[in-house]
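We name chains A, B, ... by the order of the sequence lines, and we start the count at 1 in each one.
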Amino acid sequence: MERNEILEEFFIDLQKAIRRILKVERRLRLEELKNLVSVDAAYRGRFMAVAAVKWSLMKGEVLDEKTMICEPPYPYVPGLLFLREGPPMLKLIKEFDDWQLLLVDAHGILHPRRMGLAVFLGFILDKPAIGLAKSLLVGEEEPGESFGRVFVEGEVLGYWFKPRGSRKFYVSPGYMVGVDQIPKIISILGSRYPEALRRADMLSKKVLRDLAKQS
DNA sequence: GCGACAG
DNA sequence: ATCTTGTCGC
């Protein structure tokens with residue numbers, strides 16, 4: 001599928017409109033956090049694979065997995081990732097129940113219109129969500145050793161974190177989560193790149209390998 | 001106009 | 001994101 005200027009302008013307007021009505025009335029209650037869902041996508045040739053993993057924080061293990069292979073609905077455009085990865089991810093996440101927080105391999109409000117993929121998914125699902133990305137789309141990082149805030153126009157919209165021995169990543173609220181809750185959430189997730197997301201990443205790549213193997 | 005730009 | 005071998009080091 002090729003890019004479409006009219007469509008992109010429309011979805012940018014939609015992002016701005018949704019942003020205007022978003023409110024922080026309900027917030028994730030961290031003491032009730034038991035199960036997570038994480039989602040990631042991988043690409044190969046003309047296909048993409050999306051994997052969603054339900055993860056138990058207490059047991060530290062996978063409770064359930066879902067995958068799907070499809071052709072990307074839209075090309076990658078910085079700021080409009082939700083057009084590309086949102087539709088298949090929603091399809092999978094809706095199949096899970098009994099979870100309290102969604103982990104997305106993308107930005108949340110750390111986005112030009114504060115409407116990253118993690119915000120969009122949380123909003124559509126009406127569930128708490130956060131975004132975790134490996135590179136910055138917008139914002140200035142506070143200097144530091146392994147942890148710091150990320151500012152956009154003087155406002156704290158997220159945090160950067162660099163675990164010992166692994167690469168830096170950025171965390172920002174998606175939906176029903178306050179920026180002030182991010183440090184505590186990172187701590188609850190083990191102060192490292194979340195295992196639940198790592199599993200979704202590995203799984204999405206695996207289904208594409210298996211697809212290439214049999215064909 | 002130029003550069004930057006989640007996955 | 002993905003294309004990709006060997007190589008440095010715990």
Side-chain angles (χ1 to χ4, degrees), chain A residues 1-3 5 8-9 11-12 14-16 18-19 38-53 67-93 102-124 129-141 150-153 157-175 177 179 182 186 192-194 196-213:
Chain A
M1 161 134 243
E2 71 275 17
R3 294 181 57 172
E5 189 181 332
E8 288 179 19
E9 185 176 337
F11 278 110
I12 287 172
L14 185 61
Q15 285 181 324
K16 291 175 179 170
I18 292 175
R19 181 69 255 173
S38 60
V39 282
D40 194 14
Y43 300 84
R44 186 161 178 150
R46 62 195 287 251
F47 294 110
M48 72 184 290
V50 172
V53 170
T67 65
M68 110 179 286
I69 291 176
C70 61
E71 295 190 24
Y74 202 77
Y76 169 68
V77 179
L80 293 177
L81 181 63
F82 80 110
L83 278 181
R84 183 171 174 82
E85 301 192 344
M89 283 180 174
L90 278 173
K91 190 80 180 169
L92 290 187
I93 303 168
L102 177 68
L103 271 44
V104 187
D105 182 38
H107 284 299
I109 63 176
L110 220 36
H111 176 281
R113 292 171 290 282
R114 304 189 181 194
M115 271 300 293
L117 176 59
V119 180
F120 178 82
L121 291 178
F123 174 65
I124 298 293
I130 60 172
L132 300 92
K134 292 148 196 96
S135 64
L136 215 48
L137 181 55
V138 293
E140 306 87 45
E141 301 173 42
V150 180
F151 299 87
V152 175
E153 295 167 359
L157 293 191
Y159 288 83
W160 65 265
F161 185 57
K162 167 100 178 55
R164 291 178 298 100
S166 64
R167 63 177 296 187
K168 177 193 286 184
F169 61 93
Y170 304 86
V171 189
S172 64
Y175 193 61
V177 169
V179 185
I182 297 297
I186 292 177
R192 57 195 178 80
Y193 192 76
L197 258 180
R198 211 175 62 77
R199 296 300 184 98
D201 174 75
M202 293 172 62
L203 183 57
S204 64
K205 287 172 178 161
K206 172 181 161 48
V207 294
L208 285 181
R209 280 200 311 272
D210 294 348
L211 179 70
K213 200 176 298 179

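With R19(A) contributing its side chain and R114(A) its backbone, the two residues share a donor-acceptor pair below 3.5 Å. S172(A) places no side-chain N or O within donor-acceptor distance of the main-chain N or O of L157(A), the cut-off being under 3.5 Å.
Atom OH of Y74(A) is separated from atom C1' of dG7(B) by 15 Å (rounded to the nearest Å). As rounded to whole Å, 10 Å separates atom P of dT2(C) from atom CD of E85(A). Whole-Å rounding puts the F11(A) CZ to dA6(B) C1' distance at 18 Å. Rounded to an integer number of Å, the gap from CG of L117(A) to C1' of dG7(B) is 9 Å. Taking atom CZ on F82(A) and atom P on dC5(B), their separation rounds to 21 Å, with Å as the unit. Going from atom CG of L132(A) over to atom P of dG7(B) covers 10 Å, rounded to whole Å. Distance, L110(A) CG to dG7(B) C1': 15 Å, rounded to whole Å. Taking atom NE2 of residue H107(A) and atom P of nucleotide dC5(B), one finds them 11 Å apart after rounding to whole Å.
In this structure, R84(A) reaches the bases: a heavy-atom distance under 4.0 Å links it to at least one base atom across the strands shown. Contact annotation for A133(A): backbone-only contact, meaning every heavy-atom pair under 4.0 Å involves sugar-phosphate atoms and none involves a base. As judged by a 4.0 angstrom heavy-atom cut-off over every strand, G131(A) is placed among residues making no nucleic acid contact.
Not one side-chain nitrogen or oxygen of S135(A) sits closer than 4.0 Å to the OP1 or OP2 atom of dC5(B). When the side-chain nitrogen and oxygen atoms of Y170(A) are compared with OP1 and OP2 of dA6(B), none of them lie within a distance under 4.0 Å.
Taken residue by residue, residues 199-207 of chain A places no heavy atom nearer than 4.0 Å to DNA chain B.
Closest of all the heavy-atom pairs between P75(A) and R84(A) is CA-NH1, 3.4 Å. Of all heavy-atom pairs spanning V138(A) and H111(A), the tightest one is CG2-N, 3.6 Å. Across every non-hydrogen atom of L137(A) and P78(A), the tightest pair is CD1-CB, 4.4 Å. Of all the heavy atoms in K168(A) and K162(A), the pair that sits closest is N-CD, 3.8 Å.
If you run side-chain hydrogen bond (donor to acceptor under 3.5 Å, both in side chains) between Y193(A) and each of R167(A), R198(A), K134(A), only K134(A) comes through. Under the side-chain hydrogen bond (donor to acceptor under 3.5 Å, both in side chains) rule, Y74(A) has a single partner from E85(A), E8(A), E2(A), R3(A), which is E8(A).
The aromatic ring of Y43(A) does not sit over the base of dA1(C); the criterion of centres under 5.5 Å apart with planes under 30° is not met.
Aromatic ring pairs are classed by plane angle as parallel below 30°, tilted from 30° to 60° and perpendicular above 60°; the pair F120(A) and F82(A) is tilted.
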**OP:** For DNA chain C, just give me the dot-bracket, please: Watson-Crick or G-U, both distances below 3.5 Å, ( ) intra-strand, [ ] crossing earlier pairs, | paired with another strand, . unpaired.
**Re:** ..........
